[in-house]
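Below you'll find the structure, written out as structure tokens, and then a few comments.
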Amino acid sequence: MNRADIFTQGLNVYPRSVREHEGTTLFIARDNGVKYLFAMGDSDAFDNLDGQEVTLPGGGAKRCPLSNRNAGVLRGFFPFTNPVNHKGRRITIGLGDRLGLASAGHIRLVRDYDVFPVLAQQSIRELTLTGRTYDDVLAAAVWAVFQEGYEDGWGADGDHLKTAAEVKMALDCGYTMITLDCSEHIRNDLAALPDGEVEREYANLAPAEAKALEGDYVGKSFPISRGEVAFTPAGFKRIILVYYGAVKHAINIYDELIKPRGHIDFELSVDETLSITSPQAHYYVARELQKAGVDITSLAPRFCGEFQKGIDYIGDTAAFEIDFKTHARVAEVFGYKLSVHSGSDKFTVFPLIGKKTGGHYHLKTAGTNWLEAVRVIAQRDPALFRRMCRFALEHLGEAKKYYHITENTANIPDIDDLPDAQLPLLLDQNDARQALHITYGLILSEKTAAGYTFRDEFFTVLDRNEDKYYAALHKHIGRHLEALGLTPRP
Ligand code: ZN
């Protein structure tokens, strides 16, 4: 069977997916609207896939569901369908796909830029809220990569993992990046203690270790590009109290799970915490990790201002510039990327992120891709969109247990007053964006005895309008890349 013949099979073939493996031709196509992997030819490849034998005009074929198992088989045939680490890649972007439908749209964008995409990226919180497993998330990315014939490398991030068991689970599934969330080991309660109490807490540390650390830092200053990071005695004690446990946790996880596997991108996140990370705290954490031989690919501090989900940066941009620049210089000393979380829609600060890092950073986005899906629903199925909006507003309180936002529902136009044609505009209104953003899990999981309230309809509309969704992502994430200062390859 030659490639040209495939397009005469009466199927809707994804042209970039057509591949040969040991005499079997494989490709993704829609058959009566449903996407499958087709295999034509006789080989182990053919036999290994689960599927149903069918007769196409050109001969026998196997029609295989896009299952996790078949994704695993495909990974054995084509190395490019396996995630890899992004060590040495200067600009990397996390493009979490909570629906398992967005990655092909992301690929169609990033293939034109010098950017490494981390296509699979989910936290445990997101898995729980969407009812998915790490295998599901990875397989969805594998299918997108195969569909689009994307051979330039992509990553898979077990995001915001907190325990050894969670890290092990993601690694066992084949994830190539681990973002260790140390927030539970950061003693925020000690950050604002009066000086006298700092002394009392500090006295609890093992004296020999405390002494050694003081010798390393107190009264010292360390050069960074165009400046230095200096440690005063009182300031240093406070840093130790707050971050000591986080450093120990990171070292343990690295030694036990990351190092033995090699070639894993290890990111340390201290962003989901109340304390803004000072340059001193950042320097201390980085240096202690370096002393312990921990090789990190990126580190996510908590910057000043607010990085809320799905809306622009909130805060003083001038203060952010100074804060961010210093963190970028600390990261430069240690040779890793500064990582920016909740990076969706931060258009005001994107130019700074691009410039102040000298084009060396990791940016994570996720929820904005869900919002673009909701925008497609608003355009294509106004009735479903109206039901979803009402539900989101009714259940906002519940969703706020998982996400911190400062929306004011009074600002959201009454949906009953809006004609269908204006519904998509709600996706441009910050309060509505936030409300729809954080209720994704509740919307997708809501069900009665009769079945899911929104989920099946939602996925059907999106599937039928796949090209519209890809185009929306291309446009919206494209605006992110442009604001970061990236230009498409000539
Ligand atoms: Zn984060």
Side-chain angles (χ1 to χ4, degrees), residues 86 92-98 117-130 134 137 155-163 166-167 170 175 177-186 188 242-243 246-247 249-250 253 265-278 281-282 285-286 289 296-315 320 323-324 327-328 331 336-346 349-350 353 357 361-371 399-406 434 437-438 440-441 480:
H86 51 77
T92 53
I93 178 160
L95 295 158
D97 174 7
R98 291 176 185 162
V118 176
L119 298 173
Q121 169 200 283
Q122 281 210 288
S123 62
I124 299 289
R125 174 173 65 186
E126 289 171 309
L127 290 181
T128 311
L129 290 173
T130 54
Y134 268 143
V137 175
D157 178 8
D159 195 11
H160 275 283
L161 304 183
K162 294 184 175 174
T163 65
E166 291 173 357
V167 170
Y175 280 63
M177 173 171 179
I178 294 296
T179 299
L180 184 70
D181 178 328
C182 294
S183 56
E184 283 170 8
H185 299 267
I186 296 174
N188 285 309
V242 177
Y243 292 96
V247 168
H249 182 55
I253 294 283
D265 292 314
F266 188 43
E267 172 165 317
L268 197 70
S269 108
V270 296
D271 68 308
E272 294 213 354
T273 158
L274 293 171
S275 322
I276 291 169
T277 315
S278 67
H282 183 172
V285 170
L289 294 180
I296 59 173
T297 304
S298 45
L299 185 144
R302 160 91 156 82
F303 300 108
C304 69
E306 289 210 43
F307 280 70
Q308 291 189 20
K309 306 283 176 185
I311 58 167
D312 207 338
Y313 175 75
I314 301 173
F320 174 80
D323 184 44
F324 185 81
H327 284 296
Y336 52 74
K337 277 177 271 203
L338 203 55
S339 180
V340 180
H341 288 201
S342 301
S344 297
D345 307 286
K346 303 299 177 288
V349 296
F350 282 153
I353 292 170
T357 57
Y361 56 86
H362 184 68
L363 178 83
K364 293 198 189 196
T365 72
T368 207
N369 309 320
W370 150 259
L371 286 176
K400 280 175 148 181
K401 282 186 235 156
Y402 301 99
Y403 290 102
H404 165 67
I405 57 165
T406 53
Q434 288 203 294
H437 188 298
I438 68 163
Y440 69 92
H480 287 57

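Counting starts at 1 for both ligands and their atoms, in listed order. Only this structure's heavy atoms are used, side chains among them; waters, hydrogens and symmetry mates stay out.
Taking the six-membered ring where the residue is Trp, Phe303 and Phe307 present tilted rings, their angle falling between 30° and 60°.
Checked against side-chain hydrogen bond (donor to acceptor under 3.5 Å, both in side chains), Asp159 has the following partners two or more places apart in sequence or in another chain: Lys364. Partners of Thr128 under the side-chain contact (heavy atoms from CB on, under 4.5 Å) rule, at least two apart in sequence or in another chain, are Ile124. In this structure, Thr130 has no side-chain hydrogen bond (donor to acceptor under 3.5 Å, both in side chains) partners at least two apart in sequence or on a different chain.
Within the 3.5 Å criterion, the main-chain N or O of Gln308 finds no donor-acceptor partner in the side chain of Ser342.
By the criterion of a separation under 2.8 Å, the protein N/O/S atoms near the Zn ion (ligand 1) amount to His160 NE2, Asp271 OD2, His341 ND1.
The side-chain hydrogen bond (donor to acceptor under 3.5 Å, both in side chains) with Ser298 is formed by just one residue from the set Glu267, His86, Lys337, His362; it is Glu267.
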